[in-house]
Amino acid sequence: MLFSRSISRQARNQVEVRELDWNQVQNWFQQIFFAGEDLPTGQRTAEQESPIAAAHRILTNAMSVMPMAVYQRREDGRYPVSLPELDFLLKVRPNDRMGPALCRKVLMSQAFWHGEGYLGIFRDRMGRITDLIPLPTEGRTIRRDQESGQLWYDFTVDGLTKTFAPSDLVIVFFDTYDGLYGKGLLALAKSTIAADAGAQKYAKKFYQNGARMSGIVSVDTDLGQEGRERIKESFQQYATSDLFKVAVLDRGMTYTPIGLNQKDAQFIESRNFSVEEVSRFTGIPQYMLQSGKQAYSSNEQQQLDFVISTLQPFVTQWEEEFQYKLLRLDQLEAGLYMRMNVAARLRGDNESRSRFYEKMIASSVYCPDDCRALEEKNPLPGGLGARFYMTKNLDTVENIVSGDSAKGGRM
């Protein structure tokens, strides 16, 4: 257990040795080393914790690289649709200050820290969408009209307040219990952030004091409270950042050091524990946070699990919210919907993509032109790449269905 061997052998006969669980360690940090101090848990503190900073970078970058596009369900299949009023916003420039990838990254960042991310939908007088602008969650207040029950969202930036109806906001959550207020990492991992901040403060003070904790001064007489305080103050002058000072003891005084080195204190274990905690809160595999040892094949499988278990819930939530808030009712009734391209996140090395495309073509999920489009290649001439294939010697679907493979059409 953590700090189970923190007392040096020299002092074991004088001090009770006991094991501490993680909650006790947090209290130990605060009560022993930072008495009177409040351990910070805000965004500025969390940003300086490497596991949390890495988790933020991984999640926000993952959501930023998956483009959003409009599709339509038809009787003969599903097809991409071009909507001039949305294509420019989704694919070129959602607002004057940022591109689509950065816009998605900022939106996810707000949700990551504060639980909710807001994208303001700005329209012209004709009701056409002109800008999509991320709004600061910290400056948000939610109020409900007492008569109508209508919700209103007020955002205050630089002293200016603008009010939005829910229909004018794309709202995404990191986590939520009621669908109205979100919970971000700052709220969910408050104790972990505080403990890791305490560990860093402890490490700083640890080295400032020459990698020495403290010690016990024994006197063979009763000094009383005033005498003990006087000796304590006398010894504290040696506990400064100036190392290798020499203390001179009076007769009858014995100093017993309480040794504590980084290995015996299992300090590294405490830092690894914070990585595990961040992994649990965010769903990011530990190897992506540069912790733990896994084989390449294990990492590849965890990467897939990261997309399915961690990213997919966010992706589905975003698709539903963007679709409902950006498409008109008549467009929804016409079968239009929005999808994020998760394949962009799974795009790996040449060999992995080749195996993926081969399986997709062999099972008639993709035609060759679909795969060429994903590789940003032109379609095959003469519409040859638009034909679908299935197994059984990779013949065309028509020939397999008719049972006549001799008619040609093989690749």
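Values in this document were obtained by computation on a predicted structure and should not be read as measured data.
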Out of curiosity, His56 NE2 to Ser109 OG, how far, rounded to the nearest 0.5 Å?
3.0 Å

Side-chain donor-acceptor contact under 3.5 Å, Thr163 with Asp154
yes

Heavy-atom closest contact (Leu169 atom, Glu321 atom, distance)
O-OE2, 3.6 Å

Within a reach of under 6.0 Å around CG of Asp178, are more than 12 heavy atoms found that belong to other residues, nucleotides or ligands?
yes

Please tell me if the side chains of Leu89 and Asp131 come closer than 4.5 Å, counting only heavy atoms from C-beta onward.
no

At what distance, to the nearest 0.5 angstrom, does CD1 of Ile171 lie from CG of Leu119?
10.5 Å

Please report whether the ring centroid of Phe164 lies less than 6.0 Å from that of Tyr153.
no

Do Ile121 and Leu326 touch side chain to side chain, with heavy atoms closer than 4.5 Å?
yes

Under 3.5 Å, is there a donor on one side chain and an acceptor on the other for Glu358 and Ser354?
no

Measure the spacing between CD1 of Ile361 and SG of Cys371 and express it to the nearest 0.5 Å.
4.0 Å

Would you find a donor on one side and an acceptor on the other, under 3.5 Å apart, between the side chain of Gln323 and the backbone of Met338?
yes

Could you name each residue pair satisfying side-chain hydrogen bond (donor to acceptor under 3.5 Å, both in side chains) that touches residues 94-108, not counting sequence neighbours?
Thr60-Lys105, Asn61-Lys105

Report yes or no: does Gln331 contribute a side-chain atom to a donor-acceptor pair with the main-chain N or O of Arg328 at less than 3.5 Å?
yes

State whether the side chain of Ser364 and the backbone N or O of Tyr389 hold a donor-acceptor pair below 3.5 Å, judged by distance alone.
yes

Heavy-atom side-chain contact between Ser279 and Leu289 under 4.5 Å:
yes

Check whether Gln312 reaches the backbone of Val307 with its side chain - one donor and one acceptor, N or O, closer than 3.5 Å.
no

So, for Gly117 and Leu107, which heavy atoms are closest and what is the spacing to 0.1 Å?
C-CD1, 3.4 Å

Quick one, Ile52 and Leu185 - any side-chain contact, counting heavy atoms below 4.5 Å?
yes

Can you check whether Pro166 reaches Gln150 side chain to side chain, under 4.5 Å on heavy atoms?
yes

From CA spacing to verdict: side-chain contact (heavy atoms from CB on, under 4.5 Å), Leu332, Tyr337:
CA-CA 7 Å; Leu332 294 174; Tyr337 64 98; over 6 Å; no

For Pro94 and Pro100 the tightest heavy-atom approach is CD-N, 3.5 Å

Measure the CG-OG1 distance between Leu135 and Thr156 for me, rounded to the nearest 0.5 Å.
11.0 Å

So, Asp87 and Ser82: side-chain donor and acceptor under 3.5 Å apart, yes or no?
yes

Ile284 and Phe306: CA distance, side-chain angles, deciding distance, side-chain contact (heavy atoms from CB on, under 4.5 Å) verdict:
CA-CA 6 Å; Ile284 298 175; Phe306 168 66; 3.9 Å; yes

Considering only heavy atoms from C-beta outward, does the side chain of Asp305 approach that of Thr310 to under 4.5 Å?
no

Is Tyr324 atom OH crowded by more than 12 heavy atoms from other residues, nucleotides or ligands, each under 6.0 Å away?
no

Hey, does the side chain of Gln110 reach the backbone of Pro134 with a donor-acceptor pair shorter than 3.5 angstrom?
no

Residues Phe174, Phe314; criterion side-chain contact (heavy atoms from CB on, under 4.5 Å); working and verdict:
CA-CA 8 Å; Phe174 182 79; Phe314 290 123; 3.9 Å; yes

Gap between atom CZ of Arg372 and atom CG of Leu380 - 0.5 Å precision
4.5 Å

Taking NZ in Lys183 as the centre, count heavy atoms belonging to other residues, nucleotides or ligands within less than 6.0 Å. Is the count above 12?
no

What I'd like to find out is whether the side chain of Leu90 reaches to under 4.5 Å of the side chain of Pro67, using heavy atoms alone.
no

Asp168 side chain near Arg123 side chain, heavy-atom distance below 4.5 Å
yes

Between CE on residue Met68 and CZ on residue Arg339, distance to nearest 0.5 Å:
9.5 Å

List for me each residue that meets salt bridge (Lys or Arg N to Asp or Glu O under 4.0 Å) alongside Arg144, sequence neighbours excluded, and say none if there are none.
none

Derivation of the side-chain contact (heavy atoms from CB on, under 4.5 Å) call for Ser64 and Leu102
CA-CA 6 Å; Ser64 72; Leu102 182 57; over 6 Å; no

Closest approach of Glu319 and Met340, non-hydrogen atoms and distance?
OE2-N, 2.9 Å

Closest heavy-atom contact between Gly385 and Cys367?
O-SG, 3.3 Å

Donor-acceptor pair, side chain of Gln72 and main chain of Ala334, under 3.5 angstrom:
yes

Nearest heavy-atom contact between Ala165 and Trp152 is CB-CZ3, 3.8 Å

In chain order, what residues pass the side chain to side chain contact (heavy atoms under 4.5 Å, CB included) check against Glu116, with sequence neighbours excluded?
Tyr118, Thr137, Arg140, Phe173, Tyr181

Electrostatic pair Glu85:Arg128 at N-O distance under 4.0 angstrom:
no

